[in-house]
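The next block holds one structure in the form of structure tokens; read it before the comments.
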Amino acid sequence: MGQSPGKLFWGSPSASKEQLEFKAFVFLQRKNLFDLDDKLASVTDDVAHLAGKDIEFTLVSMERDEETGLGKRSKFADLEGWLSKDASIRADEGETYTVSFKVDKDFGTPGAILVENHHPNWFFLRHIALHTPSSVIYFSCLSWVYNHRHYDVPRVFFSNQRYLPHQTPDGLVDLRYLELEQLRGDGKGERLRPHRIYDYAVYNDLGDPDKDPKLYSRTILGGSKDFPYPRRCRTGRSRTRTDPASERPVELPELVYIPRDERFRRIKKSDFLGSSIKSFAHGAIPVIERILEGRESFDDMKDVNEIYSSGVDLRSNDVLPLTEQEKLAGMLDPFEMLKEIIDPETEDPHILKFPKPQIIQDNDMAWSEDDEFARQVLAGLNPMAIKRIKEFPITSKLDTDLYGESTSSITAAHLMGTMEGLTLEEAIAHKRLYVLDYHDVYLPYLERINALDGKAYASRTIFFLTGQGTLKLLAIELSLPPSKGKAKNSRVFVPPSSTGHEKMIWQLAKAHVSMNDAGYHQLVSHWLQTHAVIEPFIIATNRQLSAMHPIHALLIPHFKNTLNINAIARKMLINAYTGQFLIGGVIERTFSPGRYSMELSSVAYRSWRFDEQGLPADLRKRGMAIEDPSAKHGLKLLIKDYPFAVDGLDIWSAINQWVKEYVQLYYEDADTVKKDSELQGWWKEVKEVGHADIKEGWIDMKDVDALVNVLTTLIWLASAHHAAVNFGQYAYAGYMPNKPTTGRKLIPEDGDHEEHHLMLSNPQAYFLNAVSTRIQSIIVIAILEILSTHDNDEEYLGERTETPYWSSDERVLAVFQRFSECLRKVEADIIERNQDSSLNNRRGAANVPYTLLSPFSTQGLSGRGIPNSTSI
């Protein structure tokens, strides 16, 4: 009872008996920076090693020592061969070392290894293979191990044999729960780089009130009824002087704290995408701004296209140099960053030239056609926003006293004669009318948005499902909020019957819908519904599910690098724009909602329900599918050629089958699920702490089916949902006219003759003056190219590169192999569908095949591939 935590971990070796020798092969990477070995670190570690301060390993048996009450321990064993290895050779790839253990013959089967690092510097411990006389036992570690002074107890790594809590071998029980206690921490103090503590906080670090409380304060998201939000990882940073509720923003050289094991484990500098984002925002954007000063708008479409053909001349030496702290944070040199996004075929290294996005590769004007505009609603960047119209007229749920008439201004008269002879009632009854509705999301913010630099509407867009299975664009409603006693200003636009003035007005109306869609896509479909909502699950998994737990092993690959990219986003992308890109604010600067961007995502989160996040539930909710036991996957799609849904249901089914077969290896029945204390604690913490602001829509974790549903949904969100909204960003939004992110002009009213004259005198220039600026466009294009690019060591759905370390259970590996083969079949089916000329929505006028849910990809900007996790 009086023993220290360290003694509880170590215990004591048994009395000397007949001995056996076990040999461990330990694969680790020494401390290194900038992909070059840190010579000083290597020297100091060598000196410590010579002084007897080694890296010590201890085996722990699954069997309990009757004397200590803990698992049997071996004697300490040192890492062998440290001084004989040349750390400068492949230091970034790692080396294999050996450890020799002497244990008593009755030691039993090893189940854990304790590690204590007495070297001054850290190392990355990847995996261990322990050879015993009868077998090889594998340990997947994937962890940074710092000097022992940073921990209360030695580090513990379990073998890859999985146990539910009640199955834990007697010798490992204490380690299982003490390790979880270490990961939970005490909720106090500021978290530092070596820490491995997972805890929760609200989003109170997006602004900089000390700089200017009026301009740069931002609403705290989470913990309130008005602005609910998923929780993020707690850092414990000090609060601002101006607002004690707000956390001090991180200055650029600093890292936002996340548990050390969540940091990117980069292999090559050119692949470190997180560093690319930071470096581009820090060094490249300010240079581009200076170069383009005074050139606010594109002149015409030819001027836009020159970004891809001729490029942007960046003849400047003003790139900001990296500080040593920034180098330590893993940032790329800004000038090198510029070189990395410059076309490699460009002879002049000062020309910033982007690859031509897919949307204009085959037909550079297809984007402007109504049919392509409609097709992208089903197979473009944001294919999960369209809904079926069940009642007409469409109505708003907003307070009519604040926002005016609730009924849409689109009437039957606007639609009649355009629906292949059907009446409005018939079109609805036959499930042929659909809507893209951003009215209620945007309207409450428009007065504030339009008082700033941006100009936006709240839009509703009506589509008709034709006999050919394509969508026909029928009408667009653009609304402004009531002001100064006036009624809400809503205008309805329909496809023009002539060219000239009406056609230009129509193009502007579609552009404003695209702006709404771009903002909703980035802030809700992408950031909120994947990045933000997953973060609490990652925290809870590490706090409540032991590394020994089979569900921990299932989920961990789907969480890889998510906390890291989310921390980078809070620091560089979704935080307050304070007038200079040195401290981020990319989204506020380049998207219409501006400083209200994150508030808008909070408003969307109010109606978020976990039980509606799985694809089948989402399709039913939006009226895009109905249950049909005779249909494939038990769902009948009302738009048969809906590429996102068709491919997505195949992926969903594959994930679901894999999860079901895996879960059934460990859970016999409902009683097993209910009695799993770690699982129930995990689910309770997710609901009551991580997503504390959402009270409805949680699945009851009562049986195996419920567990399978929860896990399938979570893996779907982290992998396929994210892939569908992320890796097509450059293909579609990399060409600004197709997907402008902000507006600068409202559409001229009928009596505004001067604006109409400007529009008719130079339509292209007028259009480009009404949408994103040149600098906004280039910033968005560059960031989207980074976000849409696959790393060369990407791990895709159906792949786990750590075999056999993650599992050597033949049952598990067989089930996983079936999952991988199923995904290969899905990929072949997608290729076949894309070659079917009768499926008009899979390519369209732009001839862009729908490949975003094709499971596998090569490195680079491919527009395909489903990584395991939301990692960029």
Side-chain angles (χ1 to χ4, degrees), residues 288 292-313 352-354 356-374 376 453-457 459 473 476 478 491 493-518 590-592 731-750 752-781 784 844-846 848:
I288 295 171
L292 297 180
E293 188 174 358
R295 300 176 63 196
E296 186 173 79
S297 299
F298 291 104
D299 298 329
D300 49 32
M301 293 303 174
K302 180 181 177 182
D303 193 17
V304 175
N305 292 336
E306 282 183 354
I307 294 175
Y308 315 103
S309 58
S310 303
V312 180
D313 195 339
L352 177 63
K353 185 179 174 184
F354 296 99
K356 186 179 285 189
Q358 280 181 288
I359 190 65
I360 58 169
Q361 285 182 8
D362 191 71
N363 181 343
D364 63 5
M365 288 305 294
W367 65 271
S368 64
E369 298 178 13
D370 290 359
D371 288 349
E372 176 60 23
F373 179 93
Q376 289 182 32
D453 295 332
K455 294 293 180 283
Y457 294 94
S459 65
L473 177 55
I476 294 171
L478 300 179
R491 301 170 65 186
F493 304 86
V494 296
S497 57
S498 62
T499 59
H501 164 266
E502 288 186 358
K503 184 176 181 180
M504 190 68 251
I505 291 288
W506 179 242
Q507 287 293 350
L508 288 172
K510 289 194 296 180
H512 276 284
V513 175
S514 292
M515 292 172 210
N516 276 189
D517 189 62
T590 57
F591 282 76
S592 279
Y732 290 101
Y735 189 64
M736 184 276 292
N738 181 61
K739 192 66 68 174
T741 58
T742 191
R744 291 183 287 153
K745 282 178 177 286
L746 297 176
I747 297 177
E749 300 284 348
D750 290 340
D752 195 336
H753 300 296
E754 183 178 349
E755 286 294 310
H756 283 292
H757 174 73
L758 291 171
M759 182 192 306
L760 293 174
S761 62
N762 192 338
Q764 286 189 7
Y766 190 89
F767 178 85
L768 294 169
N769 271 280
V771 294
S772 305
T773 66
R774 186 188 300 264
I775 182 62
Q776 287 172 331
S777 300
I778 291 173
I779 290 167
V780 169
I781 290 168
L784 294 188
V848 180

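Between L508 and F493, the closest side-chain pair of non-hydrogen atoms is not below 4.5 Å. Between D299 and Q764 the shortest side-chain heavy-atom distance does not fall below 4.5 Å. Counting only heavy atoms from C-beta outward, the side chains of S514 and N738 never approach each other to under 4.5 Å. Using a 4.5 Å heavy-atom threshold, the side chains of K455 and T742 count as separate. At a threshold of 4.5 Å between non-hydrogen side-chain atoms, the residues V513 and K510 do not count as touching. Side-chain contact between K745 and V771 is absent, with no heavy-atom pair separated by less than 4.5 Å. Side-chain contact check for V304 versus L768: some heavy-atom pair is nearer than 4.5 Å. The closest side-chain heavy-atom distance from E755 to I747 is not below 4.5 Å.
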| task | Please lay out, stage by stage, how Q361 and V848 fare under the test side chain to side chain contact (heavy atoms under 4.5 Å, CB included). | result | CA-CA 9 Å; Q361 285 182 8; V848 180; over 6 Å; no
| task | I would like to know whether F298 and M736 meet side chain to side chain contact (heavy atoms under 4.5 Å, CB included); could you show each step before the answer? | result | CA-CA 11 Å; F298 291 104; M736 184 276 292; 4.0 Å; yes
| field | Residue pair H512, I476: steps toward the side chain to side chain contact (heavy atoms under 4.5 Å, CB included) verdict | value | CA-CA 10 Å; H512 276 284; I476 294 171; over 6 Å; no
| task | Evaluate the criterion side chain to side chain contact (heavy atoms under 4.5 Å, CB included) for residue pair Y457 and M515; output intermediate values, then yes/no. | result | CA-CA 9 Å; Y457 294 94; M515 292 172 210; over 6 Å; no
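Of the N and O atoms on the side chains of N769 and E296, not one donor lies less than 3.5 Å from an acceptor on the other residue. Side-chain contact of Y735 with N305: a donor-acceptor pair under 3.5 Å is present, judged by distance alone. Side-chain contact annotation: R744 with S297, donor-acceptor N/O pair under 3.5 Å present.
Closest approach of A511 to P740, counting heavy atoms only: O-CG, 4.0 Å. Nearest heavy atoms, P357 versus A731: CB-O, 3.7 Å. The nearest pair of heavy atoms linking L478 to A509 is CD1-CA, 4.0 Å. Between K503 and P496, the closest heavy-atom pair is CA-CG, 3.8 Å. A pairwise comparison of heavy atoms in E372 and A846 identifies OE1-N, 3.6 Å as the closest pair. Among all heavy-atom pairs drawn from M301 and P737, the shortest one is SD-CG, 4.0 Å.
Interatomic distance, CD of Q507 versus CZ of F767, reported as 6.5 Å (0.5 Å rounding). From D371, atom CG reaches atom CG of L473 across 9.0 Å, with rounding to the nearest 0.5 Å. In this structure, D453 CG and Q776 CD are separated by 8.5 Å, a value rounded to the nearest 0.5 Å. Here the CG atom belonging to N363 is positioned 6.0 Å from the CD atom belonging to E369, to the nearest 0.5 angstrom. W506 CH2 to M504 CE: the interatomic distance, rounded to the nearest 0.5 Å, is 12.5 Å. In this structure, OG in S309 is found 9.0 Å from NZ in K302, a value given to the nearest 0.5 Å.
No donor-acceptor pair closer than 3.5 Å links the side chain of H501 to the backbone N or O of M759. Checking side-chain atoms of S592 against main-chain N and O of A456 turns up no donor-acceptor pair under 3.5 Å.
Annotation: H757, atom NE2; neighbour count of heavy atoms from other residues, nucleotides and ligands within 6.0 Å does not exceed 12.
Using a 4.0 Å cut-off between charged side-chain N and carboxylate O, K356 and D364 make no salt bridge.
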